[in-house]
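The basis for the numbers below is simple: all heavy atoms, side chains too, and nothing from hydrogens, waters or symmetry mates. Order of the sequence lines sets the chain letters (A, B, ...), proteins ahead of strands, with each chain counted from 1.
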Amino acid sequence: MTINEKQDEIIEEFDLFDDQLDKTQYIIDLGKKLPPMPEQYQTDDNLIRGCQSKVWLHSEMQGTNVHFEADSEPTAQISKGLVSLLIRILSDEKPEAVASADLYFIDRIGLSSLVTSRRAGGLASMIQQMKQFATQQAAKNQTAAQSTL
Amino acid sequence: MEIAPHEILDIEAIRRDFPILDQVVNGRQLVYFDNAATTQKPLPVLKALAGYYEGYNANIHRGIHALAEKATSAFELSRRAIQQFLNAAHVEEIIFTYGTTDGINLVAQTYGRRFLNTGDEIIITTMEHHSNIVPWQMLCEEKGCVLKVIPIDDNGDLILEEYEKLLSERTKFVSVVHVSNAMGIINPVKTIIEKAHAVGAKVLIDGAQASSHIDIDVQDLDTDFYVFSAHKLYGPTGMGALYGKRDVLDSMPPWRGGGEMIKEVTFEKTTYNDLPYKFEAGTPNIADVIATYTALEYINNLGKKNLAAYEHSLLEYATEALKDIEGLRIIGQGAEKISVVSFVIDGIHHQDTGVILDQQGIAVRTGHHCTQPLMRRFNITGTTRASFAVYNTKEEIDRLVQGLHRVRKMML
Ligand SMILES: Cc1ncc(COP(=O)(O)O)c(C=O)c1O
């Protein structure tokens with residue numbers, strides 16, 4: 001599935017709910033399903049800045065794809081749910097696709113206030129860091145492609 | 001039958017003075033419980049603001065025309081109202097500021113820089129707002145003073161025996177919050193001031209939270225400085241006052257230089273104006289100063305004792321009602337409190353609590369409340385805080401309790 005197909009799928013899932021509270025409940029339930037992050041990745045270096053709660057992001061290349069793992073402190077369940085959505089959409093994709101992704105799902109699931117505001121756990125900084133990693137990797141790919149020409 | 005003090009006020013009528021309360025947020029009637037951050041403003045205050053701009057906007061103290069005179073007298077009337085509000089001995093002891101933070105910085109930058117030196121000690125408490133920590137740290141850094149902190153017990157009360165141990169002839173300044181914004185606890189400031197004076201130290205009391213809830217008498221307290229913000233007492237933002245004893249203020253150098261604070265300027269030497277103008281450089285916040293008069297009048301008309309009694313009944317009701325929430329623990333269970341309940345719930349992040357309450361139309365504050373050292377003392381990263389004002393009701397507290405049940409149900 002492409003990044004946009006995954007976003008469309010998520011939008012459809014959220015369309016099932018009218019009420020903000022039900023949407024939030026869904027996010028919390030998604031968070032509960034996020035596999036726990038290996039402890040060695042829960043380092044200060046991996047902490048996302050600008051969150052009221054602790055959220056970690058680990059980025060690496062797996063083959064030609066970027067791979068992300070993330071987690072939040074156990075009590076911050078909304079952050080964890082939001083993070084799980086980002087992982088679902090952006091992890092295991094080509095760096096170029098992640099770097100240029102237009103994350104329109106945020107507006108479309110009807111929770112933009114929750115996603116964008118500072119109180120909701122710095123999701124914006126999380127996206128920024130994911131894209132930054134992808135951009136660096138994409139640049140490396142380009143340099144490599146040029147040197148083989 | 002006599003009416004109990006907390007039943008004297010007609011809360012429904014009061015609510016009509018605050019049209020902002022009558023709105024739907026996220027599909028539900030708004031419940032505004034973030035009053036410790038800022039209170040809403042009643043219609044008379046809004047009218048006073050508009051009335052100034054519509055009717056007599058003019059710069060003060062300078063013009064000789066009619067509008068300037070009208071604005072100047074309204075402006076100075078507000079100073080008198082604040083003098084009465086604090087029971088200050090002299091009107092020139094009231095300096096207009098931008099708020100509590102501004103007042104504390106003024107004192108640190110003038111009194112502090114002039115009179116404190118290397119090795120001198122400044123005492124604050126564990127529960128201070130950052131605005132009563134950072135200005136003193138900045139001063140310490142510049143002048144080599146030492147910051148000392150009065151600890152608190154597990155209820156959140158100051159440990160006065162420890163305060164006494166900190167006091168010595170090295171103590172030059174004590175700066176203490178009257179009422180904790182994060183817990184609502186009322187500190188025994190009169191005793192604190194007395195003991196500070198016994199070693200010759202000056203005292204500043206941060207009245208940001210106290211001013212709208214308890215009667216303040218700076219002469220009875222015998223405090224050297226008292227600061228507060230108008231926006232926390234039904235007045236406008238960007239406006240506050242510093243009270244200082246006249247002789248102390250007189251001994252201090254001015255802070256900001258500019259118009260209004262001078263007597264005569266030549267390139268060789270400038271002489272400074274008298275109190276209070278020495279500390280009011282530039283065109284002040286005229287509209288908000290004038291509207292503050294109306295805010296104080298509003299409070300006085302309701303009667304501060306009635307306000308306090310009613311708010312206390314809300315506090316008691318909330319404290320009892322919140323016992324219904326499993327795993328909820330109130331931070332700050334001191335004996336004397338204003339109408340603030342700050343709490344944590346086992347297994348639930350305060351941020352999630354705040355988001356889900358907001359989705360139910362309930363506005364609370366979550367986080368560290370600008371009191372990070374206090375949060376560290378309790379080994380938490382933040383709390384959820386509900387703070388009540390005169391227009392709040394028991395029905396609204398019931399909504400909070402229902403809202404918290406919903407939070408627990410969603411999370412656990
Ligand atoms: C106890 C206390 N001190 C100081 C302040 C700072 O007040 P202001 O932001 O109005 O300057 C506040 C406001 O939150 C407060 O609650």
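- With a 4.5 Å cut-off on non-hydrogen atoms, Ile28(A) touches chain B through its side chain but not through its backbone.
- If you measure heavy-atom distances from His368(B) to chain A, you find no contacts under 4.5 Å at all.
- With a threshold of 4.5 angstrom between heavy atoms, Asp352(B) approaches chain A through its backbone and through its side chain.
- Note that CZ of Phe105(A) is 11.5 Å distant from NZ of Lys6(A), once rounded to the nearest 0.5 Å.
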Task: Stepwise side-chain contact (heavy atoms from CB on, under 4.5 Å) test for Val401(B) and His405(B) - done: CA-CA 6 Å; Val401(B) 173; His405(B) 277 305; 3.9 Å; yes
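- At a cut-off of 3.5 Å, with distance as the only test, no side-chain donor of Asn35(B) or Ser387(B) sits close to an acceptor on the other residue.
- With hydrogens and angles left out, the side-chain atoms of Ser229(B) and Thr100(B) include a donor and acceptor closer than 3.5 Å.
- Contact annotation for Ile356(B): both backbone and side-chain heavy atoms come within less than 4.5 Å of a heavy atom of chain A.
- The candidate with the highest count of non-hydrogen atom pairs below 4.5 Å against chain A, out of Gly382(B), Gly347(B), Gly367(B), Gly27(B), is Gly347(B).
- In this structure, Tyr391(B) and Tyr32(B) have tilted ring planes: the angle between them lies in the 30° to 60° band.
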